[in-house]
Amino acid sequence: ALTLQQPWASAVRDLGKRTENRSWPAPKRAVGSIIAIHAGQTFHEDAADWLAARTGRMLTRSNVPLGAVVALARVVEVVQESSDDMWFFGPYGWVLDDVVALTPVPCRGRPQVWAVPETVRRGIELQWHFQMSGKD
C-alpha cells in the first residue's frame, strides 16, 4: 500500500488523478503491480483549494475518508518529467492506471510502501472480486 494525504487519495479514487508525486522512485517490485491507495489522517486545505479550482469539486475533511484504504491502482511507470499532466509536480511521478474505487476499509497507514495487514487485505479482496464479477 501507499499512504497519500487527503484530499490527494480521494483525487486518485474520484477525480482522475493518475500521477502520485513522491520524492523517491517507486520500488522496482511496485512497477506493474497493483497497490492499495491509503488515505492518511492528514488533510491539507491548500490542496483542497487547488483541486476545487481545477476540478470544480470541493473536498473537505468532512466529506473524505481518513485512515482507510480507498482504492486499488496499478503503478505503470515512474516519470521525472511531464509537460502535459496537471497532476505532475515531481520529482518522481508514479503513473497510476486501472484504478478501482473501494468503500473505505479502515486501516492504519505507514511510511513508504507497506504491506497491508491480512484482515484488511481480505476486506479489500472481497470488494475487488465483487466489483470485477460485474464487469464484462
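Position 1 is the first residue of the sequence; numbering continues from there. Not measured: the values here are computed from a predicted model.
If you take CH2 on Trp8 and NZ on Lys17, they are separated by 6.5 Å, rounding to the nearest 0.5 Å.
Heavy atoms only, all atoms of each residue included: Val69 and Ala36 are closest at CG1-CB, 3.8 Å. Residue Val31 comes nearest to Ala26 through the heavy atom pair CG2-CB, 4.2 Å, listed as atom of the first residue, atom of the second, then distance. Between Ala39 and Pro65 the shortest heavy-atom distance is CB-O, 3.4 Å. The shortest heavy-atom contact between Ala48 and Leu59 is CB-O, 3.3 Å. Nearest heavy atoms, Asn21 versus Gly90: OD1-N, 2.9 Å. Nearest heavy-atom pair across Met86 and Trp50 is O-CH2, 3.5 Å.
Annotation: Trp114 is in aromatic contact with His38 [ring centroid separation under 6.0 Å].
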In sequence, state the C-alpha distance, the side-chain angles, and the governing distance for Arg22 and Leu2, and then conclude on side-chain contact (heavy atoms from CB on, under 4.5 Å). CA-CA 11 Å; Arg22 293 283 148 163; Leu2 183 66; 3.7 Å; yes

Any chance you could lay out the side-chain contact (heavy atoms from CB on, under 4.5 Å) test for Trp87 and Glu20, step after step, and finish with the verdict? CA-CA 8 Å; Trp87 303 108; Glu20 171 54 22; over 6 Å; no

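Of the candidates Thr19, Val12, Leu72, Val12 is the only one forming a side chain to side chain contact (heavy atoms under 4.5 Å, CB included) with Leu96. Among Arg122, His129, Arg121, Gln127, the one residue that satisfies the side chain to side chain donor-acceptor pair (under 3.5 Å) test with Glu125 is Arg121.
Listed for the Lys28 side chain is no donor-acceptor partner under 3.5 Å among the backbone atoms of Ala30. No side-chain donor-acceptor contact under 3.5 Å links Glu45 to the backbone of Asp49. Looking at Arg110, its side chain does come within 3.5 Å of a backbone N or O of Arg108 through a donor-acceptor pair. Of the possible donor and acceptor atoms, one in the side chain of Ser33 sits under 3.5 Å from a partner among the backbone N and O of Arg29. When atom types are taken as modelled, the side chain of Asn63 and the backbone of Thr60 share a donor-acceptor pair closer than 3.5 angstrom.
With a 4.5 Å cut-off on side-chain heavy atoms, Met58 and Leu51 do not count as touching. Inter-residue side-chain proximity for Val75 and Val95 is flagged as unmet; no heavy-atom pair is nearer than 4.5 Å. Residues Ile37 and Arg13 fail the side-chain proximity criterion, which asks for heavy atoms closer than 4.5 Å.
No more than 12 heavy-atom neighbours from other residues, nucleotides or ligands sit within 6.0 angstrom of CD on Glu81.
Leu102 and Leu126 fall into different hydrophobic clusters, defined by Ile, Leu, Val, Met, Phe, Trp and Tyr side-chain heavy atoms under 4.5 Å apart, directly or through other members. Under a hydrophobic clustering in which Ile, Leu, Val, Met, Phe, Trp and Tyr are joined whenever their side-chain heavy atoms come within less than 4.5 Å, directly or via other members, Val76 and Ile35 fall into different clusters.
Pairs passing the side chain to side chain donor-acceptor pair (under 3.5 Å) check and including a residue from residues 88-103, sequence neighbours excluded, read Arg74-Asp98.
In this view, Asp84 and Ser82 satisfy the side chain to side chain donor-acceptor pair (under 3.5 Å) rule, not counting sequence neighbours.
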